Amino acid sequence: DSTGDWSSDVCSSDLVQVYLSLLRTNQNEGRTLVTQTLELLAPVLRKRCNSAPGDRNPIWASGARRILAEEGQNVQQMTSILHFLVKHDELFYESRDKFVISIISSFRKIAPPTSASNENRRLVLQLMNLIWEWEKTRVEDKVTSPARLMSESPNAKKRKIESTPLGESSSPSSQKASPQKARSSPPDRAEYQIPLVYRQKMIKYLVEFIAGLPRSEERRVGKECME
């Protein structure tokens, strides 16, 4: 039954083993089937792997990152995993710090500016857009979080303090100390920002990428990048 929750009958450890095996597959034969199977697994990874909210190192991300590191010289293997990241960026947002530098470093391997296939050029543009979307989400989260705190009225803050039992503190430090609270909402953490040197590498590559395009494509791709 394709509409049923088939994943409920699969042990989480078995599912992870299948997922990692699919990511390691680098033969052209059966590539379409591998891609289709990964697409079936993607929606259930978060549920079946019991990842905590805000977990920066879920097993599906750490596994993908390890394979990327091991297969860094295998362009076909690398592109297969990166295609999966592009399609399911929300699964890797919290762990983006494990991937951004590898992604930017892979551009020249996947699509050398002057000698790349159209398919690989398209993938690089999708990866740039992926990084842009992650950064956009980061900035939006940064803006909305203080806004929610500021929107709380003085009376609401007063009621919160008055409702706190004696001997307990309503300060952020005491709230973080509660294990139950920590499980329900992850504590504040330093946000990840792409190192300046890698932002510069990305811009430099993009300039060379556009300069190496045939004249017929240069204007179209340049417009897409600007947008």
Side-chain angles (χ1 to χ4, degrees), residues 2-28 30-72 74-107 109-111 119-141 186 189 191-194 198 202 224 227:
S2 60
T3 61
D5 186 8
W6 59 268
S7 67
S8 61
D9 298 326
V10 180
C11 173
S12 59
S13 60
D14 292 339
L15 185 143
V16 170
Q17 289 179 15
V18 171
Y19 164 73
L20 295 178
S21 296
L22 291 169
L23 288 184
R24 289 185 182 279
T25 303
N26 56 18
Q27 289 84 10
N28 280 327
R31 172 58 56 189
T32 300
L33 182 60
V34 168
T35 300
Q36 291 173 347
T37 308
L38 283 171
E39 291 303 304
L40 288 174
L41 292 179
V44 301
L45 283 174
R46 196 181 298 276
K47 175 182 177 182
R48 297 298 297 162
C49 293
N50 301 318
S51 173
D55 185 359
R56 282 189 171 177
N57 198 36
I59 190 166
W60 65 81
S62 61
R65 176 66 188 89
R66 184 172 63 253
I67 296 172
L68 268 179
E70 293 171 355
E71 305 291 341
N74 188 329
V75 175
Q76 183 175 321
Q77 180 81 35
M78 187 189 309
T79 55
S80 176
I81 297 173
L82 294 177
H83 273 297
F84 185 74
L85 262 70
V86 167
K87 289 182 180 179
H88 303 284
D89 58 297
E90 74 286 351
L91 283 175
F92 300 92
Y93 172 72
E94 292 292 345
S95 52
R96 64 193 184 282
D97 57 310
K98 310 293 193 305
F99 291 93
V100 167
I101 291 177
S102 294
I103 290 174
I104 295 175
S105 300
S106 73
F107 289 164
K109 296 178 183 178
I110 297 172
E119 182 180 356
N120 284 1
R121 285 174 176 165
R122 189 177 301 113
L123 174 58
V124 166
L125 288 177
Q126 290 172 334
L127 290 168
M128 288 185 179
N129 185 68
L130 168 65
I131 294 174
W132 164 254
E133 290 297 332
W134 280 346
E135 283 295 285
K136 182 179 175 182
T137 301
R138 178 185 68 81
V139 172
E140 288 174 349
D141 288 348
R189 301 169 298 187
E191 63 178 4
Y192 173 75
Q193 297 188 37
I194 302 174
Y198 283 94
M202 185 170 174
E224 291 178 3
E227 292 174 353

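All values below were derived from every heavy atom in this structure, side-chain atoms included, with hydrogens, water molecules and symmetry-related copies excluded. As the structure is a prediction and not an experimental result, all values here were calculated from the model. Sequence positions, counted from 1, serve as the residue numbers for this chain.
- Formation of a donor-acceptor pair under 3.5 Å by the Asn120 side chain with backbone atoms of Ala111 is not found in this model.
- In this structure, the separation between CG on Leu33 and OG1 on Thr25 is 9.5 Å, given to the nearest 0.5 Å.
- Glu39 pairs by the salt bridge (charged side-chain N to carboxylate O under 4.0 Å, His left out) definition with nothing, not counting sequence neighbours.
- Distance check, rounded to the nearest 0.5 Å: CG of Leu85 to CG of Leu127 gives 8.0 Å.
- Remark: Ser21 pairs with no residue by the side-chain contact (heavy atoms from CB on, under 4.5 Å) rule, at least two apart or across chains.
- In this structure, the side chains of Ser95 and Pro58 come closer than 4.5 Å at one or more pairs of heavy atoms.
- With sequence neighbours left out, the side-chain contact (heavy atoms from CB on, under 4.5 Å) criterion links Ser80 to Arg31.
- Counted within 6.0 Å of CD1 on Ile59, heavy atoms from surrounding residues, nucleotides or ligands total 12 or fewer; the atom is thus considered open.
- Closest approach of Cys49 and Val16 over heavy atoms only: SG-CG2, 3.7 Å.
- Annotation: cation-pi pair Arg96/Tyr93 present, NZ/CZ under 6.0 Å from the ring centroid and within 45° of its normal.
- In plain terms, the two heavy atoms of Ser105 and Tyr198 that are nearest each other are OG-CE2, 3.7 Å.
- Under the rule for a side-chain hydrogen bond (donor to acceptor under 3.5 Å, both in side chains), the partners of Ser102 that lie at least two apart in sequence or sit in another chain are Arg65.
- Contact check for Ile67 versus Gln77: side-chain heavy atoms found under the 4.5 Å cut-off.
- Ring centroid separation for the pair His88 and Phe92 does not come in under the 6.0 Å cut-off.
- Although no hydrogens or angles enter the test, the distance criterion places a donor-acceptor pair under 3.5 Å between the side chain of Tyr19 and the main chain of Trp60.
- The line from CG of Leu20 to CG of Leu15 is 9.5 Å long, rounded to the nearest 0.5 Å.
- Atoms CD and CH2, on Glu94 and Trp134 in that order, are 11.0 Å from each other to the nearest 0.5 Å.
- Contact annotation: the side chain of His83 never approaches that of Leu38 to less than 4.5 Å [non-hydrogen atoms, C-beta and beyond].
- Note: Asp97 CG to Asn57 CG = 8.5 Å, rounded to the nearest 0.5 Å.
- With sequence neighbours excluded, no residue forms a side-chain hydrogen bond (donor to acceptor under 3.5 Å, both in side chains) with Glu133.
- Atom CZ of Phe107 is separated from atom CG of Leu82 by 9.0 Å, given to the nearest 0.5 angstrom.
- Listed by chain and residue number, Arg138 satisfy the side-chain hydrogen bond (donor to acceptor under 3.5 Å, both in side chains) test with Glu135 (two or more places apart in sequence, or in another chain).
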